[in-house]
Protein chains: 2
Amino acid sequence: MPSRKQRELFEREQLILDTAQAMLHQHGYNYLTMDRIAKKVEYSKGTIYNHFSSKEDLVCSLCCRCISNLIEIFERACQYPGPTRERYCAISIGYSLYHQLHPMDSQNIQTVKNNAIREKLSDEKLAEMQSLEHTITQLTQSIVQQAIDCGDLDKKYTKDISSIVFGLWSMHYGALLLNQSDIPLNALGFNPVVNMLWKNTNCYLDGLQWRPLSASINTNKLFDKISTALFQDEVNKLKV
Amino acid sequence: MPSRKQRELFEREQLILDTAQAMLHQHGYNYLTMDRIAKKVEYSKGTIYNHFSSKEDLVCSLCCRCISNLIEIFERACQYPGPTRERYCAISIGYSLYHQLHPMDSQNIQTVKNNAIREKLSDEKLAEMQSLEHTITQLTQSIVQQAIDCGDLDKKYTKDISSIVFGLWSMHYGALLLNQSDIPLNALGFNPVVNMLWKNTNCYLDGLQWRPLSASINTNKLFDKISTALFQDEVNKLKV
DNA sequence: GTAATAATATGACGATTCGTCAAAAAACAC
DNA sequence: GTGTTTTTTGACGAATCGTCATATTATTAC
């Protein structure tokens, strides 16, 4: 039961974050200053600093909100009732859709990976973010475990569960970063990143012999099936 | 035929870069200032600005040096005389070894991916870096093309060459970034990143049915064979 | 060899932005 | 209504970037 005080404080914090996010998206990182945020939210700079101990901590808080949104997506994927491979694919699809729908959020997440920023983070914020990231890996890991338990994935991979989680993670993370970097992938002859990522994910899972293999199904239909079942909202928003 | 003038200018530029790199590695990004660099190299700040139009351009130049080093590694891998799959693996191994040997270089490369920095880059530096990155993708692509031409990789993948290049690239890039981020992979139960990456690369190539499949060979021995043949220096330095 | 000219180097300076803190304002207690 | 605590404020000091008028060095002309 939060008191009125606490509620107001929380709401103001959200207002600050929303304002910062809008400013970041509209005018870029270097336009984002504490003074500008203060002016926009009509509180003084000192008050902003009562909420966030540094500009970096503020940006990291934005990042944490984004990761929380991703966790919600991952949790939905984990509920998917089909075979384990489809459930694992659901994570991949959710991840892709989320980043298509909120490309700026990906930038927030990446911003904090930068050393110039990270060096200045408070220990508390860093711990908060790491805890969220931990949650994400745990969710992913649970599906691999289920696949081994039910025989969809060979038992010999029991020792490699973390490698497999890391495989999906690194592939998606790398794809996302390359996509949002200024590297002109189109001009270099690359297909849309979401398509490539979906192909590559299936290819990787085939390499693991994670059943059912993609040769036996229509992967395009599977993509539609999963996204319709779990991410209807996101798909609709993307269509607009 | 560079004149004495030009030579001196070039050498001073290298001195500035070396100094900046050392400072960056020893004390982090936020300690690196133009005034400190100027003091250390015993030239004035204005002179530094004659070489680099901004702090960001200077850091990007560091990044370009690192990418050039990587290109040298990739070119060596492309010379590897074995089957195409092994040649492709050689790129993977070279990439891993390079980042193990020069973990700070990876940070340089990533620093420039950050928006806060990228927003301030001059068009020229950005173009320079993109040109280097283009070279890297071209080298990788050529091996996939060879594999299709000689039948090691099924012809049906002709349309997917860029996807396959992107698969290797994103997986390695993501792994590298995750590795150097502060996410405590060890504590989260992950194996060493280089091992996981090697397993995942083979798994992905198996999924493509890129012959010879890893079931028919000893991947650990292959790793040793390639690294001995191409990257003896790097391996020795790592052992020390 | 010297004077005129061009090229280069210098560091004081203005501008920006961060984060602080003493003082003012508001909220609260009684 | 008065005194106390909490919160807010914005002027300020510090750090750093990038500039530019001036000083220094190099080159050319004669």
Side-chain angles (χ1 to χ4, degrees), chain A residues 2-17 19-20 23-24 27-62 111-112 114-125, chain B residues 2-17 19-20 23-24 27-62 111-112 114-125:
Chain A
S3 69
R4 178 180 60 82
K5 239 344 171 356
Q6 288 173 304
R7 255 191 346 254
E8 281 175 4
L9 227 59
F10 178 80
E11 266 161 37
R12 190 167 63 193
E13 190 153 314
Q14 295 307 309
L15 172 67
I16 296 170
L17 288 173
T19 306
M23 200 176 279
L24 193 57
H27 299 102
Y29 189 87
N30 291 296
Y31 183 85
L32 186 77
T33 70
M34 297 306 253
D35 284 290
R36 287 211 184 88
I37 297 171
K39 185 154 189 194
K40 188 92 183 202
V41 298
E42 293 179 292
Y43 286 98
S44 76
K45 193 157 51 151
T47 300
I48 312 282
Y49 275 96
N50 281 346
H51 286 271
F52 306 98
S53 65
S54 69
K55 181 184 173 183
E56 285 73 21
D57 266 32
L58 193 160
V59 172
C60 185
S61 302
L62 281 181
T111 297
V112 184
N114 183 265
N115 278 71
I117 310 235
R118 217 182 186 98
E119 284 170 8
K120 294 193 181 175
L121 286 182
S122 67
D123 293 343
E124 296 77 39
K125 265 295 161 210
Chain B
S3 68
R4 178 181 59 81
K5 247 319 168 21
Q6 289 173 305
R7 259 193 340 257
E8 282 175 5
L9 228 58
F10 178 80
E11 266 160 36
R12 190 168 62 193
E13 190 154 313
Q14 295 306 309
L15 173 67
I16 295 170
L17 287 173
T19 306
M23 201 175 277
L24 194 57
H27 299 103
Y29 189 86
N30 291 296
Y31 184 84
L32 186 76
T33 70
M34 296 306 252
D35 285 289
R36 286 210 185 88
I37 297 171
K39 186 157 191 190
K40 189 89 180 206
V41 298
E42 292 178 296
Y43 286 99
S44 76
K45 195 158 48 150
T47 300
I48 312 282
Y49 275 95
N50 282 345
H51 286 270
F52 306 98
S53 64
S54 70
K55 182 183 173 185
E56 285 74 22
D57 266 32
L58 193 159
V59 172
C60 186
S61 301
L62 282 181
T111 297
V112 184
N114 183 265
N115 278 71
I117 313 256
R118 213 178 188 102
E119 285 170 6
K120 293 193 183 177
L121 285 182
S122 68
D123 293 345
E124 295 78 41
K125 266 296 162 212

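The sequence lines fix the lettering, A, B, ..., with proteins before strands; numbering per chain opens at 1. These numbers come from a predicted model, not from an experiment.
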>> My validator wants the stems of DNA chain D: runs of 3 or more consecutive Watson-Crick or G-U pairs, both distances under 3.5 Å, written as range with range.
In response: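 Listed by first number, the stems are C:1-30 with D:1-30.
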Roughly how many Å is it from [atom1] in [X] to [atom2] in [N], rounded to a whole number?
{"X": "B:K120", "N": "C:dT16", "atom1": "NZ", "atom2": "P", "result": "12 Å"}
{"X": "A:L9", "N": "D:dT7", "atom1": "CG", "atom2": "P", "result": "8 Å"}
{"X": "A:F52", "N": "C:dT20", "atom1": "CZ", "atom2": "P", "result": "15 Å"}
{"X": "B:L58", "N": "D:dG18", "atom1": "CG", "atom2": "C1'", "result": "13 Å"}
{"X": "A:Y43", "N": "D:dT9", "atom1": "OH", "atom2": "P", "result": "8 Å"}
{"X": "B:L15", "N": "C:dA9", "atom1": "CG", "atom2": "P", "result": "13 Å"}
{"X": "A:D57", "N": "C:dC18", "atom1": "CG", "atom2": "P", "result": "14 Å"}
{"X": "A:K39", "N": "D:dA11", "atom1": "NZ", "atom2": "C1'", "result": "16 Å"}

Do [X] and [Y] come close enough that some side-chain heavy atom pair is under 4.5 Å?
{"X": "B:R118", "Y": "B:L121", "result": "yes"}
{"X": "A:T111", "Y": "A:L62", "result": "no"}
{"X": "B:Y29", "Y": "A:N114", "result": "no"}
{"X": "B:R12", "Y": "B:T47", "result": "yes"}

>> Please encode protein proximity along nucleotides 19-24 of chain D as a string of B, S and -, counting only heavy-atom distances under 4.0 Å.
In response: B-----
Using the test side chain to side chain donor-acceptor pair (under 3.5 Å), find all partners of [X] that sit at least two apart in sequence or belong to another chain.
{"X": "A:N115", "result": "B:Q107"}
{"X": "B:T19", "result": "none"}
{"X": "A:R36", "result": "none"}

OP1 or OP2 of [N] sitting under 4.0 Å from any side-chain N/O of [X]?
{"X": "A:R12", "N": "D:dT7", "result": "no"}
{"X": "A:S44", "N": "D:dG10", "result": "no"}
{"X": "A:N50", "N": "D:dT8", "result": "yes"}

Protein N or O to nucleotides 14-16 of chain D N or O, pairs below 3.5 Å:
none

Looking at every heavy atom in both [X] and [Y], which two are closest together, and how far apart are they?
{"X": "B:A38", "Y": "B:K45", "result": "CB-N, 3.7 Å"}
{"X": "A:A20", "Y": "A:L32", "result": "O-CD1, 3.5 Å"}
{"X": "B:E119", "Y": "A:N30", "result": "OE1-ND2, 2.6 Å"}

>> Return the CD to CG distance between B:E11 and B:L15, rounded to the nearest 0.5 Å.
In response: 9.5 Å
> Passes side chain to side chain contact (heavy atoms under 4.5 Å, CB included), A:K55 versus A:I37? Steps please.
Replying inline: CA-CA 10 Å; A:K55 181 184 173 183; A:I37 297 171; over 6 Å; no
>> Just to be sure I understand the rule, does A:E8 reach a base, reach only the sugar-phosphate, or reach nothing, if contact means heavy atoms closer than 4.0 Å?
In response: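 Here A:E8 touches no strand at all.
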